[in-house]
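Data block below; observations after.
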Amino acid sequence: MTLRLYDTATRSVRDFVPQTPGSVTLYLCGATVQSPPHIGHIRSGVSFDIAIRWLRASGYAVTFCRNVTDIDDKILRTASAEGAQWWAIAERNQRAFARAYDVLGCLPPDVEPRATGHVPEMIVLMRRLIEAGHAYPAGGDVYFDVSSYPEYGALSGQRPEHMRAADDTDSDGAKRDPRDFALWKGHKPGEPSWETPWGPGRPGWHLECSAMSTKYLGATFDIHAGGLDLVFPHHENELAQSRAAGDGFARYWLHNGLVRLGGEKMSKSTGNLLLVDRMVTQVRPVELRYYLGQAHYRSDIEFSAAALEEAVAAYRRIEGFLIRAAELAGAGSPSAGAGTAGPDVADAELSGATLPGSELPGASAGLPTAGSLPAAFTAALDDDLGVPQALAVVHEAVREGNTALAAGDAAGTAKQAAAVRAMLAILGLDPFAAPWAGGGDPGLRDVVGALVQVALDQRQAARARKDYPAADAIRDELAAAGIAVEDTPAGPRWELQR
RNA sequence: GGCGGAAUGGCCGAGUGGUUUAGGCAAGGGCCUGCAAAGCCCUGUACGCGGGUUCGAUUCCCGCUUCCGCCUCCA
């Protein structure tokens, strides 16, 4: 079974055949670093992180380029409003994006080029376009001549004659046609500028992606990804520039659906409510990742607190199974292995049942291979990255694993646990893998474990003499301290309340 | 005005020309438990509206309604 992907350019699901067998070049439109990321931004990161993990697990060597747009109107406006340097605003927000990608477990790109670092490449591309008759300098700006490129509109299905004229103010007078778009914006007082053969100025929005994708991935590359709201004008314009210049450009276009709030796309004001930094104080990052990743990447997500809570519950069900499975596989009796059982401890205990040929660090190296995964899971992801169906397979394995666990079937439990972890690794959700695992001071954990054990021993003694009020009081006190106690056939186990 | 997407059981969310019609959450019943918790089993019989094609439509076609995205700030 081969991977099939929905290609926006053809509006159909197509077999994915990379340009060079065995390797994939992928460009993702990353952040315009004009504000900190909200969950809409990061959903895109998560969606394509899963795509990249799947490509790698499928045996492709993926070269992943994710750009940063570090100059635009809004960055300049913010800088001016705050009395700060534009580059300081960009830098600050770029760091916030980097934090968000990291905290949600998105694998880093192989290269993360910034627009302002690639002006020479932009100049070359502009020259090529001007010489080919597809662009013209005017009034200090450089414009792409839409009428010179008959294919314009093909990606987004727009007909130029039906497009509304741009109502932007600044430079309309210089354009030959209102639909022409700026490759380069002429210098204005108070704005940063770079020298070009056509005068000083700054990059237009679209030019950078053509210049940088070509530089790092080649004139023709496999996949161009980004949010659905970038199809027009951004990606349309990129495509026009690059094709008009004679480059093949992207062979597949992937677009993720948007996150909405209150029935509408997240705006600046509503987005502030859903900043990643804020969300991860309300749910654990891995739970937020589960929420953002669980829907199909092309579906819109209507944010709701209730839906987020459901995702949390679903993830904890999976995680709970893995923790109990690790305890069983590890120390024979749950009480011995439990408690101290942060996932990292459990990880060690599970080592006997680890993934085939994998250390599972969450880094690109250790992903399970597609062949080692359940066939239904593989088939789901091969079908345009069908994460919802893939998660159904995960949940079925969890249920079977829980049944084995209840029966004391260690081998069966370990088998299901290994399968679940392998599948979760592809989705970036393995609780025992980086960046979710670990944390905490091992020494402190041992101390806490010993203290809890004292309390549990007293509770067991109370239970043995059928003094249930005393036993329940101990359990209640532990609960109040944030420790959940469960009795199992093999004795009590505890863990920190999640 | 143009282009595109969507409407599924209490909720989230897949999917399919029919017979076993995902999965999760919540709910009810049961098992287990001293009680819980966790887990397992069972239950609910859903596809916006109106036509059409068909032996049969939630799935295909036409029309309609509502919602959403884009039409040069956007993930």
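All figures in this text were calculated on a predicted structure; none of them were measured in a lab. Proteins get letters first, then strands, A, B, ... in listed order; numbering begins at 1 in each.
Taking CG of A/Leu429 as the reference point, atom CD of A/Glu287 lies at 10.5 Å (rounded to 0.5 Å). Here the CZ atom belonging to A/Phe64 is positioned 8.5 Å from the CG atom belonging to A/Leu107, to the nearest 0.5 angstrom.
Remark: A/His234 pairs with A/Trp205, A/His206 by the ring-ring contact (aromatic ring centres under 6.0 Å, His included) rule, at least two apart or across chains. Remark: A/Arg11 engages no residue in a salt bridge (charged side-chain N to carboxylate O under 4.0 Å, His left out) (not counting sequence neighbours). Annotation: side chain to side chain contact (heavy atoms under 4.5 Å, CB included) contacts of A/Thr10 (sequence neighbours excluded): A/Asp7, A/Ser12, A/Arg14. Applying the side chain to side chain contact (heavy atoms under 4.5 Å, CB included) criterion to A/Asn93, with sequence neighbours excluded, gives A/Val33, A/Pro36, A/Ile89.
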Which string of ( ) [ ] | and . matches RNA chain B, if you list each base 5' to 3' and count Watson-Crick or G-U pairs only when both distances are under 3.5 Å?
(((((((..(((.....[....))).(((((.......)))))....(((((..]....))))))))))))....
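Among the atoms of the strands shown, base atoms are found under 4.0 Å from some heavy atom of A/Leu258. Note on A/Glu264: only backbone sugar-phosphate atoms sit closer than 4.0 angstrom, heavy atoms only; bases stay farther off.
Of the C1' atoms belonging to B/G10 and B/G28, the separation is 13 Å, rounded to the nearest Å. Here the separation of B/A36 from B/U19, taken at their P atoms, is 40 Å to the nearest Å. Using P as the reference atom, B/G18 and B/G1 are 38 Å apart when rounded to the nearest Å. Rounded to a whole angstrom, the distance from the P atom of B/A7 to that of B/U59 is 12 Å. Spacing of P atoms, B/G29 relative to B/A14, comes out at 31 Å, to the nearest Å. B/G13 and B/G4 have their P atoms separated by 25 Å, with the value rounded to a whole Å. B/G52 and B/A57 are spaced 11 Å apart, taking the P atom of each and rounding to whole Å. The same atom, P, is picked in B/U33 and in B/A26; the two are 24 Å apart, to the nearest Å.
When distances run from any side-chain atom of A/Gln389 to the nucleotides B/A14, B/G23, B/A75, the shortest one goes to B/A14.
Salt bridge A/Arg459/A/Glu477: absent, no basic N to carboxylate O contact under 4.0 Å. Look at A/Lys185 and A/Asp72 and you find no salt bridge, because none of the NZ, NE, NH1 or NH2 atoms lies under 4.0 Å from a carboxylate O. Ion pair A/Glu486/A/Arg324 not flagged as a salt bridge, since none of the NZ, NE, NH1 or NH2 atoms sits closer than 4.0 Å to an Asp/Glu carboxylate oxygen.
Contacts classified as salt bridge (charged side-chain N to carboxylate O under 4.0 Å, His left out) and involving residues 38-52 of chain A (residues at least two apart or in different chains) are given here: A/Asp49-A/Arg53, A/Asp49-A/Arg289. Residues in residues 96-113 of chain A take part in these salt bridge (charged side-chain N to carboxylate O under 4.0 Å, His left out) pairs, two or more places apart or across chains: A/Arg56-A/Asp110, A/Arg66-A/Glu112, A/Arg99-A/Asp277. Each side-chain hydrogen bond (donor to acceptor under 3.5 Å, both in side chains) pair with one or both residues in residues 221-233 of chain A, not counting sequence neighbours, appears once here: A/Thr25-A/Asp222, A/Asp222-A/Arg251, A/His224-A/His235, A/His224-A/Glu238, A/Asp229-A/Lys265.
For the contact set between residues 39-46 of chain A and RNA chain B, defined by any heavy atom under 4.0 Å, the members are A/Gly40, A/His41, A/Ser44. Proximity of residues 96-104 of chain A to RNA chain B (heavy atom under 4.0 angstrom from any strand atom) is not detected for any residue.
A side-chain donor-acceptor contact under 3.5 Å links A/Asp457 and A/Gln453. Neither side chain, A/Gln34 nor A/Thr78, offers a donor N or O lying under 3.5 Å from an acceptor on the other.
Note: A/Tyr101 and A/Phe97 have tilted aromatic rings, judged against thresholds of 30 and 60 degrees for the angle between ring planes. Between A/His134 and A/Tyr149, the ring planes lie perpendicular to each other; the angle is over 60°, past the 30° to 60° tilted range.
Mapped onto RNA chain B by nearest heavy atom, A/Gly262 and A/Tyr315 fall at different nucleotides, with A/Tyr315 at the one closer to the 5' end.
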Using a 4.0 Å heavy-atom cut-off, write out nucleotides 28-41 of chain B from 5' to 3' as B (base contacted by protein), S (sugar-phosphate only) or - (no contact).
------BBBBSSSS
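OP1 or OP2 of B/C70 lies within a sub-4.0 Å distance of a side-chain N or O belonging to A/Lys265.
Aromatic rings of A/Phe221 and A/Phe249 (six-membered ring for Trp) have centroids within the 6.0 Å cut-off, being under it.
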Between N or O atoms, less than 3.5 Å apart, protein on one side and nucleotides 3-6 of chain B on the other: list the pairs.
unit_1: B/C3; atom_1: O2'; unit_2: A/Ser156; atom_2: O; d: 3.1
unit_1: B/C3; atom_1: O2'; unit_2: A/Gly157; atom_2: O; d: 3.3

